[in-house]
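First comes the structure, then the notes that go with it.
Counting starts at 1 for both ligands and their atoms, following the listed order.
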Amino acid sequence: MEEQRSNFSSRLGFVLAAAGSAVGLGNIWRFPYLAAKYGGGIFLLVYFILLVSFGFSLMIAEIAIGRKTKLSAVEAYGKLDKRFGFVGTLTSLVPMIIFPYYCVIGGWVVKYFIAFITGEAGAAAQDGYFTNFITQTAQPIIWLVLFMGATTAVVICGVEKGIESASKVLMPILVLLSVIVAAFSITMPGAWDGVLYYITPDFSQFSIKTVLGALGQLFYSMSLAMGIMITYGSYMKKDADLESSVKQIEWFDAGIAFVAGLMIVPAVYAFSGGDESAMNAGAGLMFITLPKVFAAMKMGTLIGTIFFLLVFFAALTSAISLMETVVSIVQDRLKWGRIKATIVILIASMAIALPSTLGFGIWSHITPLGMSLLDFFDFISNSVLMPIVAFLTCIFVGYFIKTKTISDEVKLSSKFKQEKLFVIVIKYIAPICLIVILVSYVMIGLGLISI
Ligand code: PHE
């Protein structure tokens, strides 16, 4: 088995592919919103501290599990300790649930990119444009098929020829485009106050909610607890420096999130005349507020087009990592070839994606826990399954296979400089934080508390 497994050809390829997974819709629409909401600079500071401790340790653990076992998530846990085989199964459910609905949103991004490039930017800024679009039946499905098709085309080509090559092209372009949009945004008239609002710490806003918000965001943003980093780790060569790679992925992800804030916060701030409520979360910000901001901007159509292209690249590389994780799970379990596995997953994922998109239109009467179907899938995967998986992973590494197993794997390729930090976070700090996240997310989801 071991010799046959595909590999990333270079460490750079691995880092760019993993960063491609980490940098996604979460960095672009959720991070700026959270930073603006939770006191600007203070949120950035809390996020930074959690990134280099919590995020670092969990990512090291996942990549090392993958590289050690050379297996996907579904088999990796069980191979190291039979009693934990069920965690592999739980982890595998996460990308299977997320991939279909992530492609629905990816399809919306493609639609907006095409609208902007074909001169429909003005229409996209009108009230009702977004709602009118997502409540239709056929239109969103067409864009979903296009987005999922593009993802499949890369995954079917394999780890080196598909994922690594695509990441090497897309990620540098993504950085360049982000810098262009941010530079344009912060030099707009009236934008500077928005920049200050974004980076100046407002200590009065600091509370346990800041920490919770930052922790939840971090965990999702770094693509942890979805089996993705285990899968990508399994394609990493034994002599590639694991610790430095994790640091680079971390910085890439945080850097893009920070720049996304510079693209969005000042522009929205200037547009709304300092009205903070314009910085709403989720779909509303990206698909309703921003098109209005672009419509009011000089050269807004061009900047909007570049913006949606970069969001498309960010979403595509994340979707690729999700699909690849599912493909590797099916390949490991059923011993199928890549092409067969990819095609079967494409068909199954299309079928699972349909309820998410129809849930805004003809199926909008189906509202489990009071949520739209897309939000419901998102809730089950992100708020319930992911914290449980991450918690069990910490217990697994900290108390069953022991942190030494991971440290030994890291040390195959370099010294493990921050080993002490890693051990303390995995054994003591992360499990507690994850229980707090799980309980509070479920309570928020059920509407018992709000943050
Ligand atoms: N990390 C991605 C982001 O920040 C989210 C993601 C989700 C990536 C699912 C892959 C899979 O948007």
Short N or O distance, L25 and ligand 1, threshold 3.5 Å exclusive: yes
Taking every non-hydrogen atom, the tightest pair across I406 and A61: CD1-O, 3.9 Å
Report yes if some N/O of A22 lies less than 3.5 Å from some N/O of ligand 1; otherwise report no. yes
Return the residue, atom name and 0.1 Å-rounded distance of the protein heavy atom closest to atom 9 (C) of ligand 1. M226 SD, 3.5 Å
So for R30 against ligand 1, with non-hydrogen atoms under 4.0 Å, the contacting part is neither
For ligand 1, is D253 a contact, meaning one of its heavy atoms is under 4.0 Å away? no
Numbering the atoms of ligand 1 from 1, which are under 4.0 Å from a heavy atom of I228? 10 (C), 11 (C)
With backbone taken as N, CA, C and O and side chain as the heavy atoms from C-beta onward, which portion of L322 lies under 4.0 Å from ligand 1: side chain, backbone, both, or neither? side chain
Test of understanding: given a 4.0 Å heavy-atom threshold, classify the contact between S221 and ligand 1 as side chain, backbone, both, or neither. both
What verdict does the ring pair (Phe, Tyr, Trp, His ring centres under 6.0 Å) test give for F416 and F422, after you've listed the backbone C-alpha separation in whole Å, the side-chain angles of each residue and the deciding distance to 0.1 Å? CA-CA 9 Å; F416 192 177; F422 165 77; 5.4 Å; yes
Under 4.0 Å from any heavy atom of N27, which atoms of ligand 1 are there? 3 (C), 4 (O)
Please state which part of Y220 comes within less than 4.0 Å of ligand 1, counting heavy atoms only: side chain, backbone, both or neither. both
When every non-hydrogen atom of L262 is compared with those of V195, the smallest separation belongs to CD2-CG1, 4.3 Å
S21 heavy atoms, cut-off 4.0 Å: which ligand 1 atoms fall inside? 1 (N), 2 (C), 8 (C), 10 (C)
Qualifying residue, where the test is ring pair (Phe, Tyr, Trp, His ring centres under 6.0 Å) with Y112 and the options are F287, W143, F147: F287
What do you reckon, are the aromatic ring centroids of W108 and F130 less than 6.0 Å apart? yes
Distance under 4.0 Å to a non-hydrogen atom of S318: what atoms of ligand 1 satisfy this? 8 (C), 10 (C)
Just checking, is any N or O donor in the side chain of Q217 or Y38 under 3.5 Å from an acceptor N or O on the other one? no
Honestly, is K37 close enough over F43, meaning NZ or CZ under 6.0 Å from the six-membered ring centre and within 45° of the axis? no
Is the closest basic N to carboxylate O distance between D332 and R5 below 4.0 Å? yes
Element-labelled atoms of ligand 1 that are located less than 4.0 Å from some non-hydrogen atom of G24: 3 (C), 4 (O), 12 (O)
Indicate yes or no: does an N/O atom of S223 lie under 3.5 Å from an N/O atom of ligand 1? yes
Note the single closest protein heavy atom to atom 12 (O) of ligand 1, along with its residue, its atom name and the distance in Å. G26 N, 2.6 Å
Is a side-chain donor or acceptor of R67 paired with a backbone partner of K237 at a separation under 3.5 angstrom? yes
Between S9 and E164, is there a side-chain donor-acceptor contact under 3.5 Å, judged purely by atom types and distance? yes
